[in-house]
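What's counted below: heavy atoms across the whole structure, side chains too, no hydrogens, waters or symmetry copies. In listed order, ligands and their atoms are each counted from 1.
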Amino acid sequence: DSAVQETPTLAPPMISGAKPDTGHFEEFCLNPAPFLMRCHEECGEVSSFDLAGLKTTLLVGEEAHEAVYRAPDSQLSAAQAYQLMVPVFGQGIQYGAPPAIERQQLKIQAAGLRHDRMVLYAPIIAKEVREWIADWPDQGEDDFYERFTDLTLKTSTHCLMGADFRATMGDEFRGLYHDLEMSVDPAGLADPHKHGAMAERRDIARARLSELIGERVTKRKEALARGEEFHDMFQHYLDATYADGTALTDHEIAGMVVWFMFAGHHTSGNTSSWVLVELARHPELMAEIVAELDDLLGDSDDVTFQALREMPKMDAFLDEVLRLHAPLVTLTRRVMHDFHYKDYLIEAGGNVMVSPYVAHRLPELYEDPLVFNPKRTFPDGAFAYLPFGGGRHKCVGNAFALLQVKTIFAYLLRKFEFELSQPAEYYRDIMPSLILRPSDPCRLRFRRRVR
Ligand code: HEM
């Protein structure tokens with residue numbers, strides 16, 4: 001009756017296979033992607049599981065995603081779900097800051113990626129890619145996950161910190177960044193002893209990074225005084241102010257840099273690895289994209305910002321890669337107040353999750369969902385295709401990420417052909433860290449094209 005409908009009381013169904021102490025924690029950590037698929041297969045739209053005492057509810061389908069994305073932060077909190085990142089980015093940055101400050105910082109981040117600034121980043125990325133491939137032999141074989149991770153570290157630091165920093169980027173910066181990354185590595189997190197040691201290294205690395213940024217600020221101010229001009233994100237951070245007119249501190253600038261590196265580096269690198277694997281798996285589609293590039297660019301060795309906007313086949317290919325291999329498998333929120341969805345009551349204190357991985361494999365939204373097919377029709381709804389999330393926390397680096405990956409492949413495919421080193425089934429979605437990637441190692445063969 002209507003009274004029952006107004007007051008949902010059903011607890012979300014718990015999926016099978018919980019262990020007495022840790023619930024589903026081990027299975028989830030092993031690889032969340034197949035685990036979440038199992039949740040949905042077993043229970044449908046709403047399922048719950050136990051992550052070592054933290055009750056988590058997975059919501060699947062356009063309607064359920066919309067309900068999550070429309071809920072205010074005060075009810076479903078991203079900040080509370082992602083507190084793990086606070087010591088990495090630094091106190092007072094993003095979710096380590098009060099919401100009003102966090103929103104202003106996010107605005108500063110987004111303003112740094114406005115269209116007029118993207119035009120400036122395009123040639124920087126292009127320069128990095130050209131230098132990256134300049135000394136490749138005519139043929140060879142390599143682990144392209146490692147290759148792309150290295151390349152996107154270079155492009156990210158170049159765009160974020162500027163040419164001067166990039167030119168002098170040494171082992172110290174790489175080491176510090178690595179220590180920050182290791183502190184959120186799931187294997188380390190699961191072992192309290194290991195985590196203690198990693199947390200210590202993280203804090204030392206984070207403090208040193210603020211010092212390094214402080215030195216960069218001083219150097220940059222000297223260069224500005226000499227009349228030099230800069231258009232990188234670093235300068236954007238130096239020029240930015242909060243609503244009350246105060247500037248960012250060195251600690252905050254370091255935090256903004258680390259935040260963006262974490263959001264953009266592996267997501268773009270891993271996506272690039274999957275793009276290459278899918279291209280090599282589908283030579284006929286690779287040939288179409290190469291033909292598109294050759295038609296568009298002719299004899300020119302330059303890929304302009306304008307040209308990047310005229311690659312419909314490449315765009316469709318990327319959309320399909322991000323459908324099947326969306327790097328973020330889970331988008332999580334902490335339930336701050338009881339959350340009602342249909343007949344279900346999801347109690348405060350637990351987490352809710354939306355999974356692009358599961359969403360993108362729903363047969364009611366995608367025909368033959370497991371088939372890689374860039375020519376498919378994508379559903380119209382705003383909550384069906386979620387590689388970049390949705391709602392108020394939707395990715396602000398979306399356009400930058402696509403610009404970056406397209407630039408990489410526009411140069412790469414003009415110069416080289418690729419083929420898989422292993423049988424096609426070898427390359428699977430694995431998740432040794434927080435971000436999905438292809439099997440390790442991810443080796444492919446390359447050969448210089450004859451044009
Ligand atoms: C947020 C995906 C690249 C900056 C997100 C979210 C997703 C996502 C799914 C939402 C997370 C959630 O709701 O919990 C991706 C993918 C990328 C990518 C698939 C590459 C293929 C980038 C890049 C940058 C960036 C290159 C920066 C240059 C951010 C930021 C947020 C975010 C700052 C947080 C927004 C907020 O807190 O409101 N991203 N991202 N991302 N992304 Fe990306």
**Ligand-side contact atoms (ligand 1) for residue partner Phe400, heavy atom cut-off under 4.0 Å** = 26 (C), 28 (C)

**Message:** Taking the six-membered ring of Tyr385 as reference, does the cationic atom of Arg323 (NZ for Lys, CZ for Arg) lie under 6.0 Å from its centre and within 45° of its axis?
**Reply:** no

**Request:** State yes or no: are the ring centers of His115 and Phe305 separated by less than 6.0 Å?
**Result:** yes

**Message:** Can you report which non-hydrogen protein atom sits closest to atom 36 (C) of ligand 1, along with the distance?
**Reply:** His393 ND1, 3.5 Å

**Request:** Number the atoms of ligand 1 from 1 as they appear, then name those within less than 4.0 Å of a heavy atom of Leu106, with their elements.
**Result:** 35 (C), 36 (C), 38 (O)

**Prompt:** Is any side-chain heavy atom of Gln80 less than 4.5 Å from a side-chain heavy atom of Met336?
**Reply:** yes

**Asked** With distance as the sole criterion, is a donor-acceptor pair present between the side chains of Thr155 and Gln404 under 3.5 Å?
**Response** yes

**Request:** Determine whether the side chains of Asn270 and His325 contain a donor N or O and an acceptor N or O closer than 3.5 Å.
**Result:** no

**Prompt:** For Arg333, is at least one N or O under 3.5 Å away from an N or O on ligand 1?
**Reply:** yes

**Message:** Please check whether Thr271 reaches ligand 1 - meaning an N/O of the residue sits under 3.5 Å from an N/O of the ligand, judged on distance alone.
**Reply:** no

**Message:** Among all protein heavy atoms in this structure, tell me which lies nearest to atom 11 (C) of ligand 1, with the distance rounded to 0.1 Å.
**Reply:** Leu331 CD2, 3.8 Å

**Item:** Atoms of the protein (N/O/S only) found under 2.8 Å from atom 43 (Fe) of ligand 1
**Value:** Cys395 SG

**Message:** Heavy-atom contact check, 4.0 Å cutoff: does Ala78 meet ligand 1?
**Reply:** no

**Message:** For Leu402, which part has a heavy atom under 4.0 Å from ligand 1: side chain, backbone, both, or neither?
**Reply:** neither

**Item:** For Pro327, atoms of ligand 1 separated by under 4.0 Å from a heavy atom
**Value:** 19 (C)

**Item:** side chain to side chain contact (heavy atoms under 4.5 Å, CB included) assessment of Phe25 paired with Leu54
**Value:** CA-CA 9 Å; Phe25 189 66; Leu54 181 65; over 6 Å; no

**Asked** Hey, does the Lys NZ or Arg CZ of Arg361 hover above the aromatic six-ring of Tyr357, less than 6.0 Å from the centre and inside 45° of the axis?
**Response** yes

**Item:** Any residue meeting ring-ring contact (aromatic ring centres under 6.0 Å, His included) with Phe234, in chain and number order, not counting sequence neighbours
**Value:** none

**Message:** So if I apply the ring pair (Phe, Tyr, Trp, His ring centres under 6.0 Å) rule between His265 and each of Trp259, Tyr177, Phe400, which one comes out positive?
**Reply:** Tyr177

**Request:** Among all protein heavy atoms, pick the one closest to atom 14 (O) of ligand 1 and tell me residue, atom and distance.
**Result:** Tyr82 OH, 2.6 Å

**Asked** Backbone N or O of Ser439 within a donor-acceptor pair of the Arg437 side chain at under 3.5 Å?
**Response** yes

**Request:** Could you see which bit of Tyr95 sits under 4.0 Å from ligand 1, with heavy atoms only: side chain, backbone, both or neither?
**Result:** side chain

**Message:** Angle between ring planes, Phe148 versus Phe144, binned at 30° and 60°: parallel, tilted or perpendicular?
**Reply:** tilted

**Complete:** atom 9 (C) of ligand 1: of Ala399, Gly112, Pro387, the nearest heavy atom sits on Pro387

**Request:** Check whether NZ of the Lys or CZ of the Arg Arg220 lies under 6.0 Å from the centre of the six-membered ring of Phe230 and within 45 degrees of that ring's axis.
**Result:** yes

**Prompt:** Is Glu102 close to ligand 1, meaning an N/O of one under 3.5 Å from an N/O of the other?
**Reply:** no

**Item:** Element-labelled atoms of ligand 1 that are located less than 4.0 Å from some non-hydrogen atom of Arg392
**Value:** 38 (O)

**Prompt:** Are Lys219 and Glu215 within salt-bridge range, i.e. N to O under 4.0 Å?
**Reply:** no

**Request:** Would you check whether Gln404 reaches within less than 4.0 Å of ligand 1, judged by its heavy atoms?
**Result:** no

